[in-house]
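These notes concern the structure reproduced below.
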Amino acid sequence: MILKSSNNRKFNKAKTARNLGLIAAAGSAVFSAATVGAANYLVEQLIKPNPVNASEAFTFSPFELQLEHERISFPTADGSLVEGWLLPRPDTNRVVIAVSGYRGRKEDMLGISSHLWRNGFNLVLFDYRGHGLSRTKADVLTLGHRELEDFQAAVKYVRQRFDKPLIGAVGGSMGAAVSLIAAARDKDIRCVWSDSSFARQRDVIAHNWKNITHLPDWPVVDVAEKLFELRTGHLWQEFAPILEIAKIAPRPVYIVHGALDTVAPVSDAYALYEAATGPKQLWIEDDFEHCGVYFGNREEYSRRALAFFQENLVSVAKVQPPQIQNV
């Protein structure tokens, strides 16, 4: 009887251990499925364009601001067409390319662009693929990778349109990150005005995931990074302005950021400033959110930006006569 009781206890222990193992395995499977599901949702939210809303056309254009302008388009490396505006100044070869942020539009850059145009600069504004009114469900947003290719296509267009152009860039948010990396890889971009850039793509995604969900970034963001690569062919770690900004030297950068930025933390601005090795300026405003410095102090912002480009884009040449169109 004693032996039988001992065997029963051993059997019960083994059964309990097996059940706990099954429960653990089931829990692990549920956890893994939940992680993959959350990661897939995150990637979908990142790369899927918003449906086009007809009301998006009801906005300001160069016409309302009385800006001379021409509708332009130019091809990207894969043959896609990017559409935009040229605000021409035929008596100069000074050109500033103005680029908006993630899910932004060229209209977002009309404020600072109009000020620069009225003070003697050509401006090129465009919509990234998947961002403007011509976007489709088939487009894919990449938070910088393909958008950088679009910016590089704009630079190529400027080289073809202008005689020995002096090129500068002004960008906000993702557009600032794109401008910094573009300048690091292309010495023809003589200066960059960077407003609210992030330092690393992966970090800004993790930062916003935590802010929105109040959950840790591991393991969802790690899995999302792999899914993002499978969906787009790009790695988050490949897009990191902080790793390339030093290559811009000896050309200047001007870094602008709001101290209350919850999208790209102000620590990114300080990190980018420290990583820059050429002429650099840092402007931090205490009371503003993401890309809010311009809207909080338009006059001072415009004055500083104008002085920056006047100092760094300095010679004069001719541009091909534009054909002016109203939208």
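Remember, predicted model here, so these are calculated numbers, not experimental data. Numbering of residues begins at 1 and proceeds along the displayed sequence.
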[X] to [Y] - nearest heavy-atom pair and separation:
X	Y	result
Asn93	Lys164	ND2-O, 2.6 Å
Pro241	Ser197	CG-OG, 4.2 Å
Ala275	Ile245	CB-CG2, 3.6 Å
Ala183	Val192	CB-CG2, 3.5 Å
Leu143	Gln201	O-NE2, 2.7 Å
Asp217	Ala206	CB-CB, 3.9 Å

Any heavy-atom pair between the side chains of [Y] and [X] that's under 4.5 Å?
X	Y	answer
Phe308	Cys191	yes
Trp209	Pro216	no
Arg161	Leu86	yes
Ser173	Asp195	no
Arg105	Leu133	yes
Phe309	Tyr254	no
Ile255	Gln281	no
Lys48	Leu141	no

Give, for atom [atom1] of [X] and atom [atom2] of [Y], the distance between the pair rounded to the nearest 0.5 Å.
X	Y	atom1	atom2	value
Glu56	Glu107	CD	CD	9.0 Å
Asp222	Leu227	CG	CG	11.0 Å
Leu166	Phe162	CG	CZ	11.0 Å
Ser80	Asp150	OG	CG	8.0 Å
His69	Leu110	NE2	CG	9.5 Å
Phe151	Arg185	CZ	CZ	12.5 Å

Where at least one partner belongs to residues 275-294, residue pairs that pass salt bridge (charged side-chain N to carboxylate O under 4.0 Å, His left out), sequence neighbours excluded: none
Verdict with reasoning, Glu83 to Arg71, per salt bridge (charged side-chain N to carboxylate O under 4.0 Å, His left out): CA-CA 8 Å; Glu83 298 179 349; Arg71 293 180 182 177; over 6 Å; no
Does the [X] side chain pair with the main chain of [Y], one donor and one acceptor, at a distance under 3.5 Å?
X	Y	result
Asn122	Arg94	yes
Arg251	Ile248	yes
Asn208	Val204	yes

Connected via hydrophobic side-chain network under 4.5 Å: [X] and [Y]:
X	Y	result
Leu215	Val223	yes
Leu180	Val263	no
Phe295	Leu125	yes

When you check the gap from the basic side-chain N to the acidic O, do [X] and [Y] get nearer than 4.0 Å?
X	Y	result
Lys247	Asp186	no
Glu300	Arg304	yes
Arg129	Glu147	no
Glu225	Arg202	yes

Criterion side chain to side chain contact (heavy atoms under 4.5 Å, CB included) against Ser113, the qualifying member of Leu65, Asp108, Leu123, Ile97: Leu123
side-chain contact (heavy atoms from CB on, under 4.5 Å) between Tyr157 and Ser73, intermediate numbers included: CA-CA 9 Å; Tyr157 167 81; Ser73 63; over 6 Å; no
Intermediate values then yes/no, salt bridge (charged side-chain N to carboxylate O under 4.0 Å, His left out), Arg89 and Glu68: CA-CA 9 Å; Arg89 284 294 183 184; Glu68 293 183 5; 6.0 Å; no
Pair Val155-Ile167, side-chain contact (heavy atoms from CB on, under 4.5 Å): steps then yes or no: CA-CA 8 Å; Val155 174; Ile167 304 172; 4.1 Å; yes
Close aromatic pair by centroid cut-off 6.0 Å: Tyr301 and Trp193: yes
Non-neighbouring partners of His234 that pass side chain to side chain contact (heavy atoms under 4.5 Å, CB included), sequence neighbours left out: Thr142, His145, Arg146, Glu149, Phe228, Thr232, Glu238
Leu230 and Lys226: CA distance, side-chain angles, deciding distance, side-chain contact (heavy atoms from CB on, under 4.5 Å) verdict: CA-CA 6 Å; Leu230 290 172; Lys226 299 296 183 183; 5.6 Å; no
Listed by chain and number, what are the side chain to side chain donor-acceptor pair (under 3.5 Å) partners of [X], not counting sequence neighbours?
X	answer
Lys106	Asp127
Asp268	none
Thr76	Asp78

Enclosure of Arg190 CZ (heavy-atom neighbours >12, cutoff 6.0 Å): no
Pairs satisfying ring pair (Phe, Tyr, Trp, His ring centres under 6.0 Å), at least one member in residues 108-128, at least two apart: Phe74-Phe126, Phe126-Tyr128, Tyr128-His131
Step-by-step side-chain contact (heavy atoms from CB on, under 4.5 Å) determination, Arg200 to Leu243: CA-CA 8 Å; Arg200 299 174 189 268; Leu243 300 181; 3.8 Å; yes
Pair His207, Asp203: side-chain N/O donor-acceptor within cut-off below 3.5 Å: no
